[in-house]
Number of protein chains: 2
Amino acid sequence: MPSRGHRPSIGRVAELAGVSATTVSHTLNGHRPVSAATRKRVLDAIEQLGYRPNVLARGLRTARSQTIGLIIPDITNPFYPVLARGVQDVLGPAGYHEIITNTDGMRELERSALEQMIARQVDGIAFAVFHTHADDLRHPIDMGIPVVRLGGRLVQPGVDLVHSDDEGGAAEATGYLLDQGYDRIGFVCGPQAEGPAAERVTGHLATLARRGLPPEPSLIVHTQFSRAGGLAGTLRLLDLPRPPRAVLCANDVMAIGALDAARQRGLDVPGDLAIMGFDDIEAATLVSPQLTTMANPARRIGQACGRILLDRLSGAMTGPSSETIVPARLVRRQSA
Amino acid sequence: MPSRGHRPSIGRVAELAGVSATTVSHTLNGHRPVSAATRKRVLDAIEQLGYRPNVLARGLRTARSQTIGLIIPDITNPFYPVLARGVQDVLGPAGYHEIITNTDGMRELERSALEQMIARQVDGIAFAVFHTHADDLRHPIDMGIPVVRLGGRLVQPGVDLVHSDDEGGAAEATGYLLDQGYDRIGFVCGPQAEGPAAERVTGHLATLARRGLPPEPSLIVHTQFSRAGGLAGTLRLLDLPRPPRAVLCANDVMAIGALDAARQRGLDVPGDLAIMGFDDIEAATLVSPQLTTMANPARRIGQACGRILLDRLSGAMTGPSSETIVPARLVRRQSA
DNA sequence: ATGAAAGCGCTAACAG
DNA sequence: CTGTTAGCGCTTTCAT
């Protein structure tokens, strides 16, 4: 029975087993052969004392903390937990843990989070923040810490980039609606296309162009990234002289607002009006009718991030920077 | 400019500033006076080298890692990120970081997570897992690590307990509906009341009893904890000879199923049928009509947990174990 | 107001 | 196959 409130050290184990600390160390991490008899004595001592190797001490010695830092705006935003889980899918089995810091999008907090990560000797950093100057990442890069940036498009030496294919996703969504026979599609976008939303507009227009369809400026409305915004934007489209029979929204929350608009006008969805969202949030399956949407591949992004970090840490990857684009996936729910 | 790939140590700083490591240490954490002149030289050196104290090394010396472990089933379940954020609200400002482990509800993973936490020298553990034997927590307790259990009702020496007031919340919800003039209330519950759901049934019945209303067994239906379950359960209630005009569901997802049932039967909500949920998930505001519900105080629970951990770590709290019950909050959205 | 030295728990040369 | 020794970066007596 381990004694209360006291952590046994490798030395205590060695003492009890009648061997040196070195031998205990090697039985534990197999860096050199240990005789079966000795191994058993060591293992017994460990068992008896309830010994667990001190990861911090090991890290001090080996200069590897087996920890990676994840810096995000807000774990409460449902996108990030999934991302975090994706990172852990890959890094967890390799013995890494992650520490997460929320910045609420404040630059000062982002910066201090990075310094904290350095102070904690993280082996790698996953940085999921949109608006950051390249300068802010200088310190970790100079320290030789691998940094992966999640989202955004800024290519920067020393920083690997992973993001979803918003452009391709929107292009696919638009193509899907066109294939369903809707030749005029409304697009409900944010105030001014920023971040991923900009790429989504681009993708939408790209498909129209590729299919030889002239872009109608009146079919693209700018509004808020919210349920109310989606409602207002859709109503504007429905009030057009020749309203579209299908609307594509920049995200699911706006699409839910579009459903409100349809209900308000007594339109059947998708009979009278087809509505598509983007992201595949949980609520997409909880509204009626359920939303057809492009699944934002948060988990895959996290996994890709984890793999890159692992490759950097093992030396399997050495280039100055890479870019990984994870495809969005069409999720059909409205049988239009 | 800091040199690439090399972390300066306290010794390097001391050297550059022309003082001893001791003095650098003390300028940093103010454990003894340092002359203004010296302080400036040290700070300059730190700035120049881009030095950050190694938290791991400090922890090795002080036997405090400034880290707490959070063990949960799945960060992807929207309840837990909010909980985690609550914990950080309190612990973050005190200089603690948290490492999170997902167990997917598997006992073996829960156990190994606990051992990992010990190996990482966490200063405290927040354990949010329903079905765990008291035995599993023995090791951390024996090591003298404060453990807070989140959810569940098991009172155990050495383990502080924090959970939401599911019973009181359901009692309040029932009272609210009665106050609205609904004298017969249907309750849609899970297969067999387990976990928090059991307390919610208890609370519901308690209010009925308190108001002198006889319990009608037929008004309590058992079904699945899902949207489909909520739909089926509500239909069963609506098919009763004297159907209730109000239904209270054990969670929001089921309540959304209840909305489906109303729509299917052409009933206006809340005009013909009032529907209440429990938890206040994001989707509660995204369905139509929005759900009146009892907000599960995840963030408050996390904060309470953080405060307890902090008190235990500072020695401000010393009893063998405590129980904290965080009230659920009524969120009115259907103006019935 | 400042330094020297020891030691936290561990791993990795370097012996044998 | 096993042990001795040094040292990772830091804090903390004990001196001065």
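Since we're looking at a predicted model, the values are computed, not measured. Below, chains carry the letters A, B, ... as their sequence lines are ordered, and counting in each starts from 1.
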Inset, instruction - May I ask you to evaluate whether A:Thr38 reaches the phosphate of D:dC1, defined as a side-chain N or O under 4.0 Å from OP1 or OP2? - result: no
Legend entry - Phosphate-side-chain proximity, A:Thr23 and D:dC1, N/O vs OP1/OP2 below 4.0 Å: no
For a quick test of your reading: what N or O donor-acceptor pairs under 3.5 Å do the side chains of residues 87-95 of chain A make, sequence neighbours left out?
unit_1  : atom_1 : unit_2   : atom_2 : d
A:Gln88 : NE2    : B:Ile100 : O      : 3.0
A:Asp89 : OD1    : A:Arg299 : NH2    : 3.1
A:Asp89 : OD2    : A:Arg299 : NE     : 2.8
A:Asp89 : OD2    : A:Arg299 : NH2    : 3.3
A:Asp89 : OD2    : A:Gln303 : NE2    : 3.0

Legend entry - Axial bend angle, the helix from C:dA1-D:dT16 to C:dG16-D:dC1: five-pair end segments, nearest 10°: 40°
Can you measure [X] atom [atom1] to [N] atom [atom2] for me and round it to whole angstrom units?
X: A:Gln66; N: C:dC10; atom1: CD; atom2: C1'; value: 14 Å
X: A:Leu60; N: C:dA12; atom1: CG; atom2: P; value: 12 Å
X: A:Arg41; N: D:dG3; atom1: CZ; atom2: C1'; value: 14 Å
X: B:Arg7; N: D:dC10; atom1: CZ; atom2: P; value: 12 Å
X: A:Glu15; N: D:dG3; atom1: CD; atom2: P; value: 13 Å
X: A:Leu56; N: D:dC10; atom1: CG; atom2: P; value: 13 Å
X: A:Arg12; N: C:dC10; atom1: CZ; atom2: P; value: 12 Å
X: A:Arg120; N: D:dC8; atom1: CZ; atom2: P; value: 23 Å

Legend entry - Close side-chain approach of B:Tyr80 and A:Pro81, heavy atoms under 4.5 Å: no
Inset, instruction - State, with a plain yes or no, whether a side-chain heavy atom of A:Ile99 is found less than 4.5 Å away from one of A:Val122. - result: yes
From [atom1] ([X]) to [atom2] ([Y]), nearest 0.5 Å:
X: B:Ile118; Y: A:Arg7; atom1: CD1; atom2: CZ; value: 7.5 Å
X: B:Glu98; Y: A:Ile75; atom1: CD; atom2: CD1; value: 9.0 Å
X: A:Asp160; Y: A:Ser322; atom1: CG; atom2: OG; value: 3.5 Å
X: B:Ser9; Y: B:Arg52; atom1: OG; atom2: CZ; value: 14.5 Å
X: B:Thr101; Y: B:Glu110; atom1: OG1; atom2: CD; value: 11.0 Å

Report all interatomic pairs (protein N or O, nucleotide N or O of nucleotides 11-14 of chain D) with separations under 3.5 Å.
unit_1 : atom_1 : unit_2  : atom_2 : d
D:dT11 : OP1    : B:Asn29 : ND2    : 3.2
D:dT11 : OP1    : B:Arg58 : NE     : 2.6
D:dT11 : OP1    : B:Arg58 : NH2    : 3.3
D:dT11 : OP2    : B:Ser25 : OG     : 3.0
D:dT11 : O2     : B:Arg61 : NH1    : 2.4
D:dT12 : O4     : B:Thr22 : OG1    : 3.0

Inset, instruction - Hey, which sits more toward the 5' end of DNA chain C by its nearest nucleotide, B:Ser20 or A:Ala57? - result: B:Ser20
Inset, instruction - Could you tell me whether the side chains of B:His97 and B:Gln66 share a donor-acceptor contact shorter than 3.5 Å? - result: no
